[in-house]
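Worksheet: the structure to be examined is printed underneath.
Read the numbers this way: they start at 1 and go in the same order the structure lists the ligands and their atoms. Computed from a predicted structure; not experimentally measured.
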Amino acid sequence: MSTSVLVINCGSSSIKYALVSDLRENRIYGIAENLNSADARIKGITFGGQPLELSIPYADHSQALETILNRLSHYKPQAIGHRVVHGGSLTKAELLTPEIIEKIREATPLAPLHNPAHLIGIEATLKLFPELPQVAVFDTAFHQTMPEHAYRYALPKFLYTEHNVRRYGFHGTSHAYVTDRASELAGDFRKGGWLCAHLGNGSSTCAVWNGESIDTSMGLTPLEGIVMGTRSGDVDPSLHSFLASNLGWDIEKIDNMLNKESGLLGLSNLSNDMRTLVEASQAGNEDATLAIEVFSYRLAKSLAALSCGLPTINGLAFTGGIGENSAYIREKTLAYLPHFSFKLDKALNNNLARGSEGRIDQGEGPQIWVIPTDEEGRIAQETRAVVDA
Ligand code: ADP
């Protein structure tokens, strides 16, 4: 583990970390959660795979990072890679300098929930490890190759030119890793067209041509696009004025409803967790069944729409907690894509073991792959590339 990158993903009340070696063998990883509360703790896996649980009552981001970094310092990470959700117009991973930190700050109105937390993590690690090179890897950067006709909204031009209102896209490190890996396994690295469905609590689709993102389902914020755990995805933009005029809701209430009370949770009135919904549906819960149907149909519709940007399609890759683990959702989604000649091999689909990658089509038509995502691995790889450049 002597040449390794520490990957840090700072959220508002949690910090995920992973020490990734260049050989990609055993990883040390974990999460500091419930920060700033009596319940603050670090849960993780040590080198060698032993579980770790450490209480750090009332620790803030800085204290939690110090504990994490001290525990890992004898592995001597070469660099730190920070996941940053919104990079604004930044097109690639960047070494953290005062100018880049300022650009991350400037992108805060576009990711008000994420970028401030990332900045806390960045500032704390820069103070604790001033001698280590630190790199920001942006969720948005992979999508900066989208053509203008894909990233512009049909809105007055000044909103784009003066206020940066455009589609950015997210989950870039995951879509990049998964489509690179699928094309590598298919024997045609970064060649041709791939569709990718990242299905976790947040979900998005992406179309990739010759290794570059050419369209994606998320937009200005991660709310646009397909149905997610608690996020609505696309709705009629007039919903805001409808709710304001008829129910007297203000922007904050509407925003909260669309981000936290909608999606699978809103439709099912039960849970944002796909496992719970599949079980409930099998037990006869009609709202859970409908939530699954809307999720799968809207996902298929998004993949069909994104295919417009691809001259040809080599294949489709599923990833994220749902994409990797739910044969049921994969089958349902493909059933809503009858015109694409996808030929699912049901046995391969059902037998794909959890956490493994594999091809699940019948060997004709576009390929269908399940690829466990590796955002930490990709962030470490991009961090190394920046540091070595
Ligand atoms: P995050 O976006 O927070 O990283 P994950 O990628 O871990 O989330 O995905 C979480 C989702 O994956 C949850 O909806 C969970 O129910 C779903 N999931 C995990 N395993 C299964 C499974 N076997 N069947 C269906 N859904 C699953």
List the closest protein heavy-atom neighbour of [atom]: residue, atom name, distance to the nearest 0.1 Å.
{"atom": "atom 23 (N) of ligand 1", "answer": "R354 NH2, 3.0 Å"}
{"atom": "atom 8 (O) of ligand 1", "answer": "N201 N, 3.4 Å"}
{"atom": "atom 14 (O) of ligand 1", "answer": "M274 N, 3.1 Å"}
{"atom": "atom 7 (O) of ligand 1", "answer": "G321 CA, 4.2 Å"}
{"atom": "atom 11 (C) of ligand 1", "answer": "I322 CG1, 3.8 Å"}
{"atom": "atom 25 (C) of ligand 1", "answer": "S326 CB, 3.6 Å"}
{"atom": "atom 4 (O) of ligand 1", "answer": "K16 NZ, 4.8 Å"}
{"atom": "atom 16 (O) of ligand 1", "answer": "D273 OD1, 2.4 Å"}

Are [X] and [Y] within salt-bridge range, i.e. N to O under 4.0 Å?
{"X": "E33", "Y": "R41", "answer": "yes"}
{"X": "R105", "Y": "E102", "answer": "yes"}
{"X": "E375", "Y": "R378", "answer": "no"}

**Asked** Near G200, which atoms of ligand 1 are under 4.0 Å from a heavy atom of that residue?
**Response** 2 (O), 5 (P), 6 (O), 8 (O), 9 (O)

**Asked** Under 3.5 Å, is there a donor-acceptor pair between the H175 and S204 side chains?
**Response** yes

**Prompt:** Side chains of Y168 and E224: do they bring a donor and an acceptor to under 3.5 Å?
**Reply:** no

**Asked** Does Y328 have K332 sitting over its ring (NZ/CZ under 6.0 Å from centre, angle to axis within 45°)?
**Response** yes

**Prompt:** Is ligand 1 under 4.0 Å from a heavy atom in the side chain of E324, in the backbone, in both, or in neither?
**Reply:** neither

**Asked** Donor-acceptor pair, D234 side chain versus G225 backbone, under 3.5 Å?
**Response** yes

**Message:** Contact between ligand 1 and G202 is defined here as a heavy atom of the residue under 4.0 Å from a ligand atom; is it met?
**Reply:** yes

